[in-house]
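Following: one structure in structure tokens, then a few remarks.
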Amino acid sequence: MKRIVAAILAILIFIVLALAFVKIPFGNINLSDYHYYNPITDKQTSDSVPQHYLVDGKKDTGSTNIVTAVVVDYRGFDTLGEVTVLFLAATGVGSIMYIFEKEKRRKVRRANAVVETASQLLFGFIVLFGAYIFVHGHLTPGGGFPGGAVIASAFLLLYLAYPRFHAEHKTLNVAESLAGLTFVIAGLLGLLISGSFLYNFLPFGVPTYLFSAGIIPVIYVAVGVKVGSELTGIVDAMMGVRE
Amino acid sequence: MMVQPVLLIALPLFFAFLLPLISLWSKKVLKYVVMGVMAFNAILAFIVLIEALKAPIFDIIAGFQPPLGIVLMVGPLGAFIALVINVAAFVISLYSATVTKEPLLKYYMLSLLILMGATGMVLTGDLFNLFVFLEVTSIAAYGLASYNKDRKGFEGALKYVIMGSIGSSFVLIGIAIIYAQLRTLNMLDIATRLGEMDPYTKIVAFVSLFLGFGVEAEMFPLNAWVPETYDGAPHPVSAMFASMSAKSGIFALARVIFTIFAFSNYLWFVVIMGILTVFFGEIIAYVQKNIKRMLAYSSIGQMGMIIMGLGIGTVLSVQGAFFQMFSHAMGKALLFIAAGYMIYAAGTDRMDKMKGIGRNPLIGIPLLIGILSIMGMPPFIGFYGKFYILMGGFQQGYYAIIALFLAASIVEVAYYARFIKIAFEKSERKYPAPNIWVYAPLIIFAIIIVLFGIYPKPVMDILSHVAAFLAGGA
Amino acid sequence: MIPYYYLASIALIVIGIYVVIAKKNLIKIIIGLDLMDTGVNLLLIAIGYVKGGTAPIENANYALYVDPIPQALVLTAIVIGVSVMALALSMVIGLYKNIGTLEIDELRRVKE
Amino acid sequence: MEETGKISRFLYAFIIYTIIWCILIYSPGIDATHYIQEFSVGLIFALIAAALSYRHLSIKGLRNLSPRRIAWAIAYIPVFLWAMIKANLDVAYRVLHPKRPIRPGIVRIRTNLKNPAGKLALANSITLTPGTMTMQIIDDKYYIHWIYVRSEDEVEAGKHIKGNFEKYLEEVFE
Amino acid sequence: MSIAILILQILGYIFIGIGSFFLLLASIGLLRMPDVYNRMQTATKATTLGALSVLFGVGLLDLAWMPMSIVIALFILLTAPVGASALARASYKHGIKLWKESVVDKYKEEKEEE
């Protein structure tokens with residue numbers, strides 16, 4: 001009975017949404033066809049928002065990678081929220097898993113010797129590669145979130161190879177806090193210097209150079225460290241207590 | 001000095017990131033830090049409200065003019081709701097001092113962040129940013145809902161997670177539809193260029209957004225999570241849900257209805273959803289025996305009234321809806337705090353085991369004030385909300401809806417009266433006395449309820465800006 | 001032209017909805033939520049596509065780029081989805097340790 | 001096989017990471033300022049990565065970089081590649097042959113290598129070469145799944161499986 | 001100059017072709033082999049050489065990619081066999097039997113002692 005209702009509902013939603021999307025062209029769009037309206041100055045402008053990003057993005061933010069320019073600069077406030085969401089998830093998981101800390105310790109077997117040695121050798125390289133990804137967020141595809149995830153995967157490898165491995169909670173927390181504070185303080189400095197939060201107050205430098213795009217690399221390094229430590233914390237909490 | 005609204009968001013966030021470092025130094029100061037931050041935030045919100053009354057504030061983030069960048073759009077109404085949320089958060093944070101279950105550090109971080117998310121939802125002027133803050137609020141709420149870490153808590157929180165994720169998927173679908181047609185995310189920009197959208201697509205986008213934000217606003221049909229989540233959460237958290245996350249959700253709904261889709265042809269849909277929600281809540285509340293579940297269902301009913309008030313769409317009824325948000329935030333928070341104490345004192349959550357619990361005047365009087373206000377009795381603040389919604393309904397000629405509304409109100413009066421009778425009955429039983437962290441919030445809320453009930457003019461002055469809000473302003 | 005990318009992502013979304021409503025195992029429900037998330041992300045990416053466009057990274061050889069905003073939005077949406085999944089799964093772990101079952105029917109039976 | 005000092009191991013890790021970073025940042029037509037910026041940032045990250053992992057990366061530290069070892073390591077590459085190509089032809093033969101000529105089993109062999117990295121290199125080499133796959137290493141014992149068992153005896157099987165890998169690896173790692 | 005580039009291009013495509021052939025071989029091997037251990041044998045070897053060959057081919061197509069290709073190749077050489085070994089051991093520990101015509105199992109004796 002429940003299945004039939006669910007199926008009918010699903011089909012209905014499919015039809016409603018599909019009809020809505022039939023009217024939306026796929027790929028056959030010209031981004032400069034749209035015009036936007038600025039609610040503060042009450043003026044209509046000639047280009048659309050994405051077109052503006054693509055044409056003037058490099059000038060406005062100094063970043064070669066326009067997606068990064070959008071993520072960290074134009075819509076940096078969203079990214080701050082996003083960082084907060086991940087922080088919340090880590091906090092929530094930590095809070096939920098707290099009860100199991102006093103639980104009976106789980107016995108775990110040693111892993112394969114091949115895996116142990118390989119993970120020891122690879123750990124440093126993976127961390128380095130994660131750092132490479134988040135440092136070059138404004139130049140190449142990538143950025144703080146993927147880079148942080150790569151770093152967390154290095155720790156995940158250690159957890160796989162050494163089932164008894166524990167990351168130091170205190171260190172993780174401190175890294176997480178400091179990285180988050182860096183982001184907020186960068187925003188507040190922008191507020192102090194120019195009167196708008198998250199303003200890109202550092203010099204842009206020459207695009208395509210590493211030291212360019214103002215605060216974007218700074219924020220991405222902070223995000224990378226934060227994401228890495230948070231995901232590691234989540235994995236650690238979910239593994240529970242082992243011996 | 002000009003206070004920028006973004007500080008209301010940045011400050012709790014800053015301290016949420018700072019708390020782990022503080023806890024390394026001392027764990028005892030955490031709760032005072034949180035109280036201090038929330039009090040300071042409430043003061044900031046008050047200053048922002050005064051500024052916003054002069055002219056709506058546009059706070060540009062990252063220095064890009066909208067719609068290129070994100071902008072915070074703070075009109076008088078938004079600032080008012082933000083103030084309500086911040087005041088409620090501060091008073092509830094006093095009651096949070098009674099939470100002793102570990103890990104307290106996480107509890108305080110989550111409560112700061114739920115405040116940040118709820119404030120952000122109210123202030124932001126960008127559709128996707130609204131979604132991000134919705135997620136901040138709801139993920140903080142998921143964490144808090146399961147904080148008790150017992151079976152009830154997990155079940156309620158899981159239900160909340162499932163409904164909340166469906167809701168956020170719908171919000172994203174709505175955003176995708178709008179963006180695909182207009183290539184912009186700024187609310188006012190969307191509102192101005194809404195005519196470029198295909199009419200059918202526009203309705204689909206509206207319904208998606210409406211249903212999505214309806215989850216947080218406890219709207220029928222995606223509100224099955226409410227009773228279990230409220231029941232399973234720690235007591236201060238239930239109060240937070242009623243007064244913070246639900247209020248920001250309903251304000252987001254108001255934004256979707258009036259600021260983005262400033263069209264009146266489909267408002268009957270909102271009214272019907274509202275009246276369904278009212279009935280769903282009030283009728284089930286009548287048969288509840290568990291006090292927190294009863295309050296939760298009653299909360300659904302009240303939110304339905306607010307949605308109805310928004311849907312009727314006249315200046316009077318929308319004023320009523322906003323007044324109702326204020327009174328519900330204060331009254332329900334008070335009742336949940338009182339319920340928390342009563343469950344603790346009586347050792348059970350069944351109402352029939354709480355005979356004579358209100359005979360301690362320090363509990364009884366605030367409790368009575370809160371219940372009368374929620375029931376809509378003059379001279380408490382609850383009266384104005386319901387009254388204006390009714391008046392608005394008369395103006396528009398929704399007589400059948402008004403009849404249903406009154407019937408639901410009578411049901412509400414009936415079950416609250418039953419509860420009053422139990423609570424003030426003579427009984428031999430002695431209950432343990434509450435401590436200062438319970439008295440203080442109860443009394444503060446009671447004072448607010450009585451004060452603005454007798455002298456509603458300041459609130460009415462703020463609400464006189466509703467006409468501009470309805471016309472699609474900030 | 002039939003916008004089949006849209007249809008595929010909408011299909012993913014409704015399959016997710018079906019799974020969430022019809023299935024009785026909590027893990028499966030969470031998989032359903034993840035399906036919905038994936039579908040929505042795909043939808044967002046699809047609306048940003050411009051025929052013949054390339055990734056919006058400054059490149060001398062191309063002049064036409066796809067819309068960068070949906071990509072930025074999806075980045076945010078993915079992180080949010082991951083966070084919700086992590087929380088939901090840890091709640092499932094907690095519930096399982098409390099009761100020892102993940103079937104909704106059995107949950108109800110244990111209640112009495 | 002004594003351990004070397006911390007500093008030596010740290011420097012070794014640092015040098016290796018710096019080299020990897022240089023390869024990562026290489027792109028044609030890179031100009032000097034750009035390169036210096038990238039390189040200096042790389043030094044910082046190499047320091048961090050080395051600090052995190054130098055304890056496990058090597059036992060011998062800088063002595064791994066002696067020219068003799070590097071020469072042996074380079075000499076090992078063609079030997080290994082040739083074995084690998086043979087392995088794949090072998091696989092092709094077994095997969096495509098209609099009768100599927102296999103005679104699988106798990107055998108045990110022993111090794112003289114003591115360095116964990118050396119053991120890993122031998123294990124990986126064995127896995128990638130004709131018909132054999134390492135399943136587990138316990139101390140000096142290798143358990144190997146052999147697709148066509150020629151001998152069940154430890155020494156005999158060892159000769160077949162290890163070939164001349166062990167000689168090279170001993171020079172590189174011991 | 002352009003002839004050199006042309007030769008490189010042709011060589012690159014040849015290597016990519018060889019690599020693809022080995023990848024195909026790996027999947028045929030997956031189908032033909034009787035048990036999980038033998039499948040792992042063919043899959044690991046053939047995919048590793050296939051991937052290396054493709055990477056080398058890509059490096060030849062544009063010499064600027066060569067250093068990156070070599071780094072990736074090193075990673076594959078280091079990780080693919082380790083993964084195979086871990087999977088094989090995990091399957092063994094979970095009690096997946098060897099093929100019935102297998103001739104010897106020295107690991108079984110050791111397993112009890114471990």
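Fair warning: this is a prediction, and the values are worked out from it, not measured in the lab.
In this structure, D:I70 places its CD1 atom where more than 12 heavy-atom neighbours from other residues, nucleotides or ligands lie under 6.0 Å away. For CZ of D:F14, the number of neighbouring non-hydrogen atoms (other residues, nucleotides, ligands) closer than 6.0 Å is greater than 12. In this structure, A:Y199 places its OH atom where only 12 or fewer heavy-atom neighbours from other residues, nucleotides or ligands lie under 6.0 Å away. Residue D:F39 qualifies as open at atom CZ: its count of foreign heavy atoms under 6.0 Å is 12 or below.
Classified by interplanar angle (parallel below 30°, tilted 30° to 60°, perpendicular above 60°), the ring pair D:W21/A:H136 is tilted.
When all heavy atoms of D:A49 and A:G124 are compared, the closest pair comes out as CB-O, 4.0 Å. When all heavy atoms of A:Y132 and D:I25 are compared, the closest pair comes out as CE1-CG2, 4.0 Å. Across all non-hydrogen atoms, the minimal contact from A:F123 to D:S53 is CD2-CB, 3.7 Å. In terms of heavy-atom proximity, D:L120 sits nearest to A:A118 at CD2-CA, 3.8 Å.
Considering CD1 of D:I16 and CG of A:L128, their distance stands at 11.5 Å, rounded to 0.5 Å.
Residue A:L158: no heavy atom, backbone or side chain, is found under 4.5 Å from chain D.
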